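Taking it in order: structure first as C-alpha cells, then the write-up.
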Amino acid sequence: MKNIIPSYVRVPLIFAAVFTGMEYFIDSGDKPAFIEYPMVSLFLGVFLFLLVAIEIVISAVDKVTYQLLTEEQKKQLKEAQSLPFTESEFYQKIVKKLTRSRAIEQEADVMLDHDYDGIKELDNVLPPWWVYLFYSCIIFAIVYLVRFEIYGDYTQAEEFETEMVQAEKEIQEYLKTAPDLMDKESVTLLIDESSLAEGKAIYTANCVACHRVDGGGAIGPNLTDDYWILGGGIKNVFNTLMEGGRSGKGMISWKDQLKPKEMQKVASYVLSLRGSNPKEPKPTEPEAVLYKEEASTDVVKNETVADSLATN
C-alpha cells in the first residue's frame, strides 16, 4: 500500500489538528486547556497512543498482506507504487470527474465543422465544478434578493451598528484580563463618581497612614492645596505614584502593588481633594512649588513658595 504522507508526518499533523481544535473550542481562560483541565490532557494522551497504535497495526497488516502476494502481484504492486501521484488511477478519476475532459484519441467525437484557416474547434462541455459554482451563485443571488430587497432584512448601517456593539462588548471583556498599558503620557483625569469612589477606597487602604484620611498630610505632604513637590495635575501625580517620590525620603513606587488604572483612580481622587480645607493641615513643604495648569493649553506654570510669598 502506497502512503502519500509518511506516518511520521501524518501522526503529528492529525494530533496537532485535534490539539488546536480543543484549545480553540474549550474556554480555559489564560491557561491552555490541557493544563487547566486534566481530562483534556488524559484525552490527548490516549488519542496520541491510539494514533500510534493504529499506524503500527496498519504497517503490520501491510507487511503480512505483501508476503501473501504472488511474485507477479508483487511486481504489479511495485510498478503501481512507482507511478507519480498525478499518473495514478485515483488522481485520474478525480480529474475526469471535475473536468469531464475527453482523451486526445476521442477529439473527433467533439470536433465541430468550423474551420478557421486550418484551426479546428472542439465542443467540450464546461467543467462540472464551474457549472456547480455558477448555479450556486444564482441560488445565492435569489436568496439575497428575497431576503434583503423584498423582505427588508437588516441594512448595512444596522449591521455596522450591531458589529460595533458586539466589538465594544468584546473590548470590555478583553480589558478585564488584558495587561494595563496606561502610562504618564496617556493617563487622563477621571471625574465620574464611581471612579472617584474606587480611588477613595484604594487611598483609604494605602495612603491614610502618611497623608491622613482628609488628605491634610502627616508624614507625607498636604494633598489639598496647590503646592506640589513633584508637580501637580493628573500626569505628574500619576507618575509620582508609578515611580515613587524623592529618592531616599519620598514615597515608594506603587507600580508593583497597584495596576495603572488603580493609580489613575487614586490620582484622580487625590486631585478631587483640592481646596477641601482639612482641619489643621500640614504646613507646605519647603520643596513644594505652586502648580498652575492652564485650562486651554498643556503649559504648566510653577512658582516656588518663596517667590509666591515675595509677590504677595
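These numbers were taken from a predicted model, which means no experiment stands behind them. Each residue takes its place number in the sequence, starting with 1.
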With a 4.5 Å limit on heavy-atom distance, are the side chains of [X] and [Y] in contact?
X      : Y      : answer
Arg212 : Pro278 : yes
Asp214 : Thr224 : no
Lys97  : Pro128 : no
Gln257 : Asn206 : no

Test Arg10 against Leu51 for side-chain contact (heavy atoms from CB on, under 4.5 Å), laying out the working first. CA-CA 10 Å; Arg10 183 168 54 249; Leu51 276 179; over 6 Å; no
Looking at every heavy atom in both [X] and [Y], which two are closest together, and how far apart are they?
X      : Y      : answer
Thr204 : Val208 : O-CG2, 3.3 Å
Tyr203 : Val213 : CE2-O, 3.7 Å
Ala209 : Ala218 : O-CB, 4.3 Å
Phe15  : Leu44  : CE1-O, 3.4 Å
Leu190 : Leu196 : O-CD2, 3.6 Å
Thr188 : Gln264 : O-NE2, 2.8 Å

With rounding to the nearest 0.5 Å, note down the distance linking [atom1] in [X] to [atom2] in [Y].
X      : Y      : atom1 : atom2 : result
Glu280 : Asn222 : CD    : CG    : 12.5 Å
Glu198 : Ser268 : CD    : OG    : 11.0 Å
Phe134 : Ile139 : CZ    : CD1   : 11.0 Å
Lys265 : Lys259 : NZ    : NZ    : 10.0 Å
Asn239 : Ile234 : CG    : CD1   : 11.0 Å
Ser195 : Lys261 : OG    : NZ    : 9.5 Å

Using modelled atom types and a 3.5 Å cut-off, is there a donor and acceptor pairing between side-chain atoms of [X] and backbone atoms of [Y]?
X      : Y      : value
Tyr269 : Gly199 : no
Glu23  : Ala33  : yes
Glu158 : Thr155 : yes
Ser136 : Tyr132 : yes
Ser276 : Leu273 : yes
Lys120 : Leu112 : no
His211 : Pro221 : yes

Taking NZ, NE, NH1 and NH2 as the nitrogens, is one of them in Asp226 or Arg274 under 4.0 Å from a carboxylate oxygen of the other? yes
Does the pair Lys184/Glu243 count as a salt bridge with the N-to-O cut at 4.0 Å? no
Would [X] and [Y] show up in the same hydrophobic cluster when neighbours are defined by side-chain heavy atoms closer than 4.5 Å?
X      : Y      : value
Val266 : Leu230 : no
Trp254 : Ile219 : no
Leu48  : Phe43  : yes
Tyr144 : Tyr135 : no
Phe25  : Val40  : no

Should we count [atom1] of [X] as having more than 12 external heavy atoms under 6.0 Å?
X      : atom1 : result
Lys75  : NZ    : no
Leu13  : CG    : yes
Lys282 : NZ    : yes
Asp27  : CG    : no

Carefully, step by step, assess Trp228 and Asn236 under the rule side-chain contact (heavy atoms from CB on, under 4.5 Å). CA-CA 9 Å; Trp228 296 86; Asn236 290 317; over 6 Å; no
Please walk me through it: do Gln166 and Lys169 pass side-chain contact (heavy atoms from CB on, under 4.5 Å)? CA-CA 5 Å; Gln166 180 62 29; Lys169 290 180 180 179; 4.3 Å; yes
Derivation of the side-chain contact (heavy atoms from CB on, under 4.5 Å) call for Tyr227 and Glu285: CA-CA 8 Å; Tyr227 294 90; Glu285 299 282 347; over 6 Å; no
Just by distance, with hydrogens left out, do Asp183 and Ser186 show a side-chain donor and acceptor under 3.5 Å apart? yes
Check the angle between the aromatic planes of Tyr154 and Phe148 and answer parallel, tilted or perpendicular using the 30° and 60° thresholds. perpendicular
Any chance the rings of Phe34 and Phe19 have centres within less than 6.0 Å? yes
